[in-house]
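Scroll down for the structure; my scribbles are underneath it.
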Amino acid sequence: MRWSQTFIHTLRQDPADAEVVSHRLLVRAGFIAKVAAGIYNYLPLAARSLAKLSAIVREEMEAAGSAELIMPAVQPAELWQDSGRWTQYGPELLRIKDRHDRDFCFGPTHEEVITDIVRGTVTSYRQLPVNMYQIQTKFRDEIRPRFGLMRGREFIMKDAYSFHADPDDLDVAYRAMERAYRRVFARCGLRFTQVEADTGNIGGSESHEFMVLADTGEDAILSCTQCSYGANVEKAQTGALGTAPPWPLDRPDRPREVATPEQRTIDEVSTFLGIAPEHLIKTLVFETDKELVAVLIRGDLEVNEVKLGNALDCRHLQLASEQKILEVTGGPQGFSGPVGLAGVRLLADPSVMELAVAATGANLDQTHLVGVVPGRDFVVHQVVDLRLARDGDPCPRCAGRLVERRGIEVGHVFKLGTKYSKAMGCTFLDAEGADHPMIMGCYGLGVSRTMAAAIEQNHDDKGIVWPLPLAPYEVVLAVLNSDKEEVVRAAEELYGQLLGAGVEVLFDDRPERPGVKFNDMDLIGFPVRVVVGKRALESGEVELSLRRDGEKRTTPVGELVAAVTVLLDGLRAEVVKA
RNA sequence: CGGGGUGUAGCGCAGCCUGGUAGCGCACCUGCCUUGGGCGCAGGGGGUCGGAGGUUCAAAUCCUCUCGCCCCGACCA
């Protein structure tokens, strides 16, 4: 392709509204252009990268036994009413009406449609399993779209769904999908990790996320330095805690009140009392959509609100207001404690119940209790892991330590269970003729987000540094002195040779000054660069370099095709075969 | 939805406070010049100042309403 015949327009200045690097570079390098908040044009360069990524996804999905189909973007309300999500999904579901005033939505996901397909066709265990996928535009009306393609409202996703007669069969498909995802991201040339994930409000029994590693990632992930354990911070567990320092105070037969004027925070109280934060019981009051609860955790630890939400089985959760705390505990914020606390559900992290003796708030203004013994001085309704894991914590599986890294969620696989099949009557007959809901799995991969994540991970101060498999063109060929007939002739000749050899090359034939061309090539990030200029040409040579190191080497004109082929083969060999 | 901003040429911005012929840089067009890292010189085209209403002799500027967009928060398969 010739530059002059495609549509590539770079910007000299950063767009004012781009916050993150992938957004900034995608816009500047001419890959995308905003149409509305969270809605973008994918210009020709982006279309090529997306096509390459999609091709890899298709190959791996087919290899894993999933068949491509295409479902509608616009879906009738009836299906969503059938599953119950028409009312559950909330304003993120873009609802639209047709000319007859009938309700539709623009699909944010396709469980309803695929379940409708399968329930109408599959009736016997003999027809299972079923596994299908599509690559399609989704729309989710996010409250605040941001970060360009990282969190758009309209985006491209590969979504797959599988249907099974029993959990073991689901497990087979699930493992095949995990493997396919690992292969996809490895073949894209991305550094990534697979982690255990919270199943969130989609429900289900098992879930993994695939994270492209990048410092700018929105998600925190913890992985063990010694074993394969890895989890999203929302889900991460930790190993046994170290032993606390010895209790430095007396051990009264019952808790003793101590005046702690204006000492509210863990740091203030532990310093004031001369004890370690590990000796304090932190008491937090949360307000859910159903109730108020008091949550206990050791003073040096933090509560994981996702774990808490799961334990309480609630949809929304927030720290209670000062007013609510006063109503529930009788004391002001900063002086809450479990002793004598009645009329409210009490949850504790195991770290609290392991304390032999502790200090905590007295539910009285300016007062704490010391010498509190869990089990003797208070009992809780439920002991459950509520701890937020953090960097340096012990691994739950081995003797190693967890390290925290940042990642971008590009894939998420779920064992869904029977949530949709039950709700929508998607059942089959087993060998005995008994009726059962099918067991489902669903598997999402953010295609447009993966393109953005690739840039978050691979860029420098000049622009994008595409991994070869996702580059819009593998090679760029630039002619520097377009006023010199013999230089242009040589470049045209080389362009023909590269095309003839099957090299995926973009020919920068614009009559621009060299500086403009160099900067554009760096900005767009073509992996291999060939420069034809009069200087090298005088000695019968052209210049060759890789985007990632910029190191220049010259090669005789007659050997260019061979030299480019060698470079490309080298880059391909680096991409891990998962 | 709460808080804070912002909207002026394709892009990035100034002008607004203190009302008086709409500006700068980049991009674009023409000519000359230059040609290995976003050349130089000269000339030129392009804007109902987000929209509606109001105040005024006069509104980009002041007032009211409205819409879009951005940031922080809450939210997020």
Side-chain angles (χ1 to χ4, degrees), chain A residues 9-20 23-24 27-28 30 33-39 85 88-93 107-112 138-148 150-153 155 157-161 197-204 207-210 218-219 232 234 287 305-306 309 315-319 409-414 416 419-420 441-446 449 462-463 478-484 487-488 510-523 529 531-538 541-543 545 550 552 554:
Chain A
H9 296 279
T10 59
L11 302 177
R12 294 209 173 183
Q13 284 155 308
D14 283 334
D17 56 0
E19 185 78 359
V20 299
H23 186 196
R24 182 168 60 80
V27 173
R28 264 200 73 184
K34 187 169 74 175
V35 179
I39 301 176
R85 287 208 289 185
Q88 280 169 23
Y89 211 94
E92 203 176 298
L93 182 65
T109 176
H110 282 70
E111 282 85 3
E112 279 78 4
K138 310 283 190 201
F139 194 95
R140 295 183 188 174
D141 203 357
E142 296 265 356
I143 297 170
R144 187 150 87 87
R146 55 184 140 174
F147 306 150
M150 299 271 283
R151 183 173 293 262
R153 288 196 291 177
F155 57 97
M157 174 163 142
K158 187 285 300 176
D159 47 325
Y161 307 88
D198 186 72
T199 48
N201 57 18
I202 202 168
S207 172
H208 287 88
E209 288 170 337
F210 294 81
E218 275 198 274
D219 290 298
N232 190 307
E234 295 178 344
E287 188 176 355
E305 293 192 12
V306 173
R315 290 174 68 83
H316 297 291
L317 178 71
Q318 60 182 43
L319 280 167
E409 180 192 346
V410 288
H412 202 160
V413 296
F414 288 92
L416 265 185
K419 177 173 173 177
Y420 297 96
C442 72
Y443 319 94
L445 190 157
R449 183 185 276 186
K462 290 179 180 169
V479 54
L480 289 195
N481 317 93
S482 42
D483 59 327
K484 296 278 187 295
V487 178
V488 173
R510 298 173 301 167
E512 289 287 350
R513 296 178 58 80
V516 172
K517 295 193 166 195
F518 284 125
N519 282 299
D520 277 346
M521 291 187 287
D522 288 343
L523 181 61
R529 182 180 94 182
V531 170
V532 184
K534 73 167 193 284
R535 209 166 70 186
L537 210 53
E538 279 165 6
E541 291 179 317
V542 292
E543 185 183 292
S545 63
K552 293 169 189 162
T554 55

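Note that the structure is a prediction, hence the values are computed from the model and not measured. All chains are named by letter (A, B, ...) in the order of the sequence lines, taking the proteins before the strands, and each is independently numbered beginning at 1.
Using a 4.0 Å cut-off between a side-chain N of Lys or Arg and a carboxylate O of Asp or Glu, A:R151 and A:E218 qualify as a salt bridge. Ionic pairing of A:E19 and A:R146 is not present here: no N-O contact between side-chain nitrogen and carboxylate oxygen is shorter than 4.0 angstrom.
For B:rC16 and B:rC63, the P atoms lie 14 Å apart once the distance is rounded to whole Å. With both ends at atom C1', the span from B:rU64 to B:rU55 equals 11 Å, rounded to whole Å. As rounded to the nearest Å, B:rG19 and B:rA27 have P atoms that lie 37 Å from one another. B:rG47 and B:rA60 are spaced 11 Å apart, taking the C1' atom of each and rounding to whole Å. To the nearest whole angstrom, the two C1' atoms, one in B:rU30 and one in B:rG45, are 11 Å apart. The gap from the P atom of B:rC29 to that of B:rG23 amounts to 23 Å, rounded to the nearest Å. Separating the C1' atom of B:rC11 from that of B:rG38 is a span of 15 Å, rounded to the nearest Å. For the C1' atoms, the distance linking B:rU56 with B:rC62 amounts to 10 Å, nearest Å.
Rounded to the nearest 0.5 Å, atoms CG (A:N232) and NE2 (A:H208) are 11.5 Å apart. For the atom pair OG (A:S207) and NE2 (A:H412), the distance works out to 2.5 Å, reported to the nearest 0.5 Å.
In this view, A:D17 and A:K34 satisfy the salt bridge (Lys or Arg N to Asp or Glu O under 4.0 Å) rule, not counting sequence neighbours. Scanning for ring pair (Phe, Tyr, Trp, His ring centres under 6.0 Å) contacts around A:Y443 gives an empty result, with sequence neighbours left out.
When rounded to the nearest whole Å, the span between CZ of A:R153 and P of B:rC69 equals 7 Å.
When Watson-Crick and G-U wobble pairs are counted only if both distances are under 3.5 Å, B:rG2 pairs with B:rC72. Searching all strands for a Watson-Crick or G-U wobble partner of B:rU55 with both distances below 3.5 Å returns nothing. Across all strands shown, the partner of B:rG7 is B:rC67, judged by Watson-Crick or G-U wobble contacts whose two distances both fall under 3.5 Å. Pairing for B:rC16 is absent, judged as Watson-Crick or G-U wobble with the two contacts each under 3.5 Å. Under the Watson-Crick or G-U wobble criterion, with both distances below 3.5 Å, B:rG40 is paired with B:rC32. Pair assignment for B:rU48: none, as no Watson-Crick or G-U wobble contacts are both less than 3.5 Å.
Regarding contacts with the backbone of B:rC39, a side-chain N or O of A:R513 is found under 4.0 angstrom from either OP1 or OP2. Distances shown here put a side-chain N or O of A:K34 below 4.0 Å from the OP1 or OP2 atom of B:rC70. Residue A:R146 has a polar side-chain atom (N or O) positioned under 4.0 Å from OP1 or OP2 of B:rC72.
Side-chain atoms of A:E512 stay outside donor-acceptor range of the base of B:rG38, with no qualifying N/O pair under 3.5 Å. A donor-acceptor contact under 3.5 Å is formed by the side chain of A:R28 with the base of B:rG38. Side-chain N/O atoms of A:R144 and base N/O atoms of B:rG3 include no donor-acceptor pair closer than 3.5 Å.
Taking for each of A:A37 and A:K517 the nucleotide of RNA chain B with the nearest heavy atom, the 5'-most of the two is the partner of A:K517. Mapping A:S482 and A:D520 onto RNA chain B via the closest heavy atom, the residue that lands nearer the 5' end is A:S482.
Within 4.0 Å of A:Y443, counting heavy atoms only, lies no atom of the nucleic acid at all. At the heavy-atom level, A:R24 lies nowhere under 4.0 Å from the strands shown. Backbone-only contact: A:N481 has heavy atoms under 4.0 Å from sugar-phosphate atoms and none from a base. The residue A:D17 sits close only to the backbone: its heavy atoms come under 4.0 Å of sugar-phosphate atoms, none of a base.
At least one side-chain heavy atom of A:D159 sits under 4.5 Å from a side-chain heavy atom of A:K138.
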